Amino acid sequence: MSKEAIKNALATVKYPGFSRDIVSFGLVRSIEFDGGKATVGISVTTSDHSVAAQIRDGVEQALKSVPEIESFDVNVSIAPAKKQAAPGATSGGAPAGIPGVKHVIAVASGKGGVGKSTFSSNLACSLAKQLSAEGKRVGLLDCDIYGPSIPLMMGVSGRPEIEDESIIPIENHGIKIMSMGFLIDEDTPVVWRGPMIQKTISQFINNVKWGELEVIVVDLPPGTGDAQLSLVQTIPLKGAVIVTTPQIAATQVAKRGARMLEKTNVPLLGVAENMSFLEGPDGTPQYIFGEGGGEKTASELEIDLLGKIPLDPRIREAGDQGTPLSISQPDSASAQAFDAIARSLIERINT
Ligand code: ADP
């Protein structure tokens with residue numbers, strides 16, 4: 001009886017609440033088989049002991065189903081959940097950091113089209129404007145497998161160079177940029193992209209020469225499925241910002257995104273409301289997408305509303321032209337709304 005066969009049996013055990021199994025999450029630490037007895041070591045990073053108990057039950061059931069196994073011993077060790085700990089984290093709990101990178105923050109949304117990529121690119125630029133004064137630098141990592149739009153919004157294209165077997169991020173507007181769009185062929189069917197993500201993201205973390213960076217902004221794919229989950233447990237996140245629109249109906253969706261992050265112990269840094277209002281010709285705000293979604297999402301999640309970004313045609317135009325508004329029109333009220341959120345985030349990640 002090979003260890004591989006036991007591993008295959010363990011791969012039928014799902015992590016509670018997720019569709020992924022404990023083997024692919026990297027929870028199985030050891031497998032021994034001797035004289036009909038299987039000994040299995042599992043390490044779980046969680047603050048919820050019922051998760052460990054459910055995994056133990058699942059593992060015992062799986063081992064019972066293998067005829068060659070006459071007896072077994074299952075050792076489940078629980079590592080206390082740290083701030084960024086995740087189900088499949090390494091033995092220390094949280095995923096390992098990116099060398100040279102101080103903080104990684106994610107931008108998440110429960111669904112597409114709320115302006116998450118627009119927000120990420122402007123946020124990276126606003127962070128860079130403020131941090132460059134201190135000689136600090138910023139990176140932007142586009143993990144939106146379904147529609148990687150950061151290259152367009154940041155005005156970069158082509159494929160990154162490889163140096164000493166490492167990928168060199170493409171730089172523009174003073175920001176180091178990596179995107180799934182640089183690596184995924186536009187013709188790759190979306191259904192293949194999910195499975196590719198884990199490997200590609202590991203490469204973004206381990207094989208990219210980011211250099212010394214104060215912060216990397218990660219544009220997560222929209223939604224709350226397995227692809228998002230793999231990402232948040234692979235990337236060592238300091239925290240996440242939830243982007244939503246002012247529509248009250250969007251609150252539920254935004255909260256779902258936030259809950260997934262909470263489940264993997266990623267701290268929520270706050271909510272950003274995008275497309276909040278359109279400034280009319282006489283300066284009065286028009287609430288095209290309704291009002292109050294940002295406040296409601298923030299209060300229900302018990303986190304702060306970091307700010308409101310206007311619905312501003314210049315934001316879209318600037319993105320389409322490859323220079324985010326934060327840089328192209330830094331004195332505009334919209335750019336200043338991004339700047340204010342960046343300032344607030346700098347404070348939050350340093351405390
Ligand atoms: P997501 O990443 O959530 O799918 P995008 O950032 O791609 O969304 O934005 C969707 C569309 O809305 C884009 O065309 C973008 O230019 C536009 N957009 C996003 N935010 C704003 C805004 N505040 N004002 C005007 N247009 C915006």
Side-chain angles (χ1 to χ4, degrees), residues 105-126 140-156 173 175 177-181 184 186 190 193 197 217-225 227-228 231 240-247 249-258 260-261 271-280 285-291 293-294 297 305-330 332-342:
I105 56 177
V107 177
S109 67
K111 62 171 181 149
V114 301
K116 179 179 51 57
S117 300
T118 303
F119 178 82
S120 302
S121 53
N122 278 283
L123 176 66
C125 293
S126 288
L140 178 56
L141 173 54
D142 173 17
C143 294
D144 192 341
I145 35 170
Y146 309 112
S149 47
I150 293 289
L152 177 76
M153 292 177 180
M154 294 297 290
V156 292
H173 308 307
I175 291 167
I177 304 156
M178 272 306 301
S179 170
M180 293 293 286
I184 287 182
E186 276 178 30
V190 167
R193 297 182 183 192
I197 199 164
V217 175
V218 181
D219 187 14
L220 290 178
T224 52
Q228 289 76 8
L231 276 170
V241 179
I242 310 292
V243 180
T244 190
T245 60
Q247 256 166 301
T251 306
Q252 274 312 102
V253 179
K255 271 170 48 190
R256 210 178 303 138
M260 182 202 68
L261 294 162
V271 172
E273 188 185 270
N274 187 33
M275 310 187 183
S276 294
F277 54 86
L278 181 70
E279 205 178 274
Q286 297 170 11
Y287 298 98
I288 309 283
F289 293 123
E291 252 183 293
T297 306
L305 178 62
L306 300 170
K308 296 183 177 190
I309 309 294
L311 177 65
D312 182 345
R314 293 172 304 173
I315 292 181
R316 182 194 55 73
E317 284 156 18
D320 287 350
Q321 285 161 10
T323 305
L325 195 83
S326 165
I327 289 184
S328 65
Q329 295 185 51
S332 62
S334 299
Q336 284 170 9
F338 287 116
D339 289 347
I341 294 179

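Just follow the structure's listing: the first ligand is 1, and inside any ligand the first atom is 1. Keep in mind it's a predicted model, so treat the numbers as computed, not measured.
- Some N or O of G115 is nearer than 3.5 Å to an N or O of ligand 1, by distance alone.
- Between the NZ atom of K116 and the CG atom of N274 there is a distance of 11.5 Å, given to the nearest 0.5 Å.
- Closest approach of T244 to A250, counting heavy atoms only: OG1-CB, 3.8 Å.
- Here the CD1-OG1 distance, from I242 to T297, works out to 9.0 Å after rounding to the nearest 0.5 Å.
- Polar contact check, S117 against ligand 1: a nitrogen or oxygen pair lies under 3.5 Å apart.
- Taking distance alone, with nitrogen or oxygen atoms compared against 3.5 Å, D320 stays at or beyond that limit from ligand 1.
- Below 4.0 Å from some heavy atom of N274 lie the following atoms of ligand 1, by number and element: 19 (C), 20 (N), 21 (C), 22 (C), 23 (N).
- Taking OG of S149 as the start and CG of D142 as the end, the distance is 6.0 Å to the nearest 0.5 Å.
- For P324 against M154, the heavy-atom pair with the smallest separation is CG-SD, 3.6 Å.
- For a threshold of 3.5 Å applied to N or O pairs, the pair formed by V114 and ligand 1 contains at least one separation below that value.
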Carefully, step by step, assess L325 and N122 under the rule side-chain contact (heavy atoms from CB on, under 4.5 Å). CA-CA 7 Å; L325 195 83; N122 278 283; 4.0 Å; yes

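- The shortest N or O to N or O distance between G112 and ligand 1 is not below 3.5 Å.
- Scanning M153, M275, K308 for the heavy atom closest to atom 7 (O) of ligand 1 points to M153.
- Those atoms of ligand 1 that come under 4.0 Å of a heavy atom in R316, given as number and element, are 14 (O), 16 (O), 26 (N).
- Using cut-offs of 30° and 60° for the angle between ring planes, the F119 and F338 rings count as tilted.
- The presence of a protein heavy atom under 4.0 Å from atom 11 (C) of ligand 1 is ruled out.
- The residue among T118, V107, L311 with a heavy atom at the shortest distance from atom 5 (P) of ligand 1 is T118.
- Taking any N or O of K116, backbone or side chain, at least one lies under 3.5 Å from an N or O belonging to ligand 1.
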